[in-house]
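What follows is a single structure, written as structure tokens, with notes after it.
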Amino acid sequence: MKLPYLSEESRGLNLVALGGGTGLSTLLAGLKRLVGNLSSDDLWISNLSAIVTVSDDGGSSGRLREELQMLPPGDIRNCMIALSEDSNLLSRLFRYRFRGQGELGVIASATFSWRPSPR
């Protein structure tokens with residue numbers, strides 16, 4: 001019997017994590033270590049994906065929503081860092097601050113290069 005949560009090419013799990021905030025990125029960083037871990041006969045994670053909720057509206061996130069009419073990228077950015085092969089490098093890249101005009105010039109970062117669509 002074929003189980004729907006197993007991938008076609010292996011016995012590895014196709015896993016999707018749902019959530020947001022600090023918890024999801026922490027969970028993804030831990031689960032990432034199990035992706036492709038073929039060292040045992042047990043099940044492993046073949047594919048790891050995330051659906052990230054974006055509901056923050058305080059602080060700079062609120063200013064992003066108001067001034068740029070965009071969803072706050074912080075939780076998505078943290079999940080991308082958690083899932084990356086070199087999380088230290090990607091973290092440093094996303095912390096880079098561009099110079100800019102207006103209130104958001106100080107917080108504008110490389111994150112905006114992939115600007116998510118508003119609702």
Side-chain angles (χ1 to χ4, degrees):
M1 179 173 104
K2 169 86 171 89
L3 299 174
Y5 49 83
L6 296 178
S7 68
E8 293 286 329
E9 60 275 349
S10 68
R11 290 184 41 217
L13 293 173
N14 294 315
L15 185 64
V16 178
L18 307 169
T22 310
L24 182 60
S25 58
T26 303
L27 176 70
L28 291 172
L31 289 174
K32 175 178 69 173
R33 297 179 198 152
L34 302 175
V35 174
N37 185 357
L38 308 175
S39 60
S40 71
D41 290 334
D42 296 330
L43 294 176
W44 66 89
I45 298 173
S46 181
N47 297 298
L48 177 60
S49 303
I51 298 174
V52 185
T53 59
V54 185
S55 59
D56 190 10
D57 62 357
S60 59
S61 295
R63 292 196 309 266
L64 284 172
R65 283 185 183 268
E66 193 161 313
E67 191 171 315
L68 298 178
Q69 288 78 48
M70 68 178 283
L71 296 173
D75 290 344
I76 297 171
R77 179 194 66 222
N78 291 339
C79 289
M80 289 172 61
I81 291 169
L83 290 172
S84 68
E85 287 186 30
D86 188 346
S87 57
N88 289 328
L89 176 63
L90 196 59
S91 179
R92 286 194 342 252
L93 175 68
F94 281 149
R95 279 196 314 259
Y96 179 81
R97 303 296 188 212
F98 291 104
R99 295 180 187 172
Q101 301 293 325
E103 246 182 272
L104 294 177
V106 178
I107 64 166
S109 69
T111 304
F112 299 138
S113 63
W114 56 270
R115 183 180 177 203
S117 301
R119 286 184 234 176

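Owing to the predicted nature of the structure, the values given are computational and were not obtained by experimental measurement.
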If you look at every heavy atom in [X] and [Y], which pair is closest and at what distance?
| X | Y | result |
| --- | --- | --- |
| Ser84 | Leu90 | CB-CD2, 3.7 Å |
| Ile81 | Ser87 | O-CB, 3.3 Å |
| Ser25 | Ala82 | O-CB, 3.3 Å |
| Leu24 | Val52 | CD2-CG2, 3.9 Å |
| Ala17 | Leu27 | CB-CD2, 4.2 Å |
| Trp44 | Leu34 | CB-O, 4.1 Å |

Subject >> Contacts of Thr53 that satisfy side chain to side chain donor-acceptor pair (under 3.5 Å) - sequence neighbours left out >> reply: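 Thr53 satisfies side chain to side chain donor-acceptor pair (under 3.5 Å) with no other residue.
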Original post:
Can you tell me how far CG of Leu93 sits from CZ of Arg77, rounded to the nearest 0.5 angstrom?
Top reply: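 So the CZ of Arg77 and the CG of Leu93 are separated by 11.0 Å.
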Subject >> Distance in Å, Leu31 CG paired with Ile45 CD1, rounded so as to fall on 0.5 Å steps >> reply: 4.5 Å
With [X], which residues qualify under side-chain contact (heavy atoms from CB on, under 4.5 Å), at least two apart?
| X | answer |
| --- | --- |
| Asn88 | Asp86 |
| Thr26 | Thr22 |
| Ser49 | Val16 |
| Leu83 | Leu28, Leu48 |

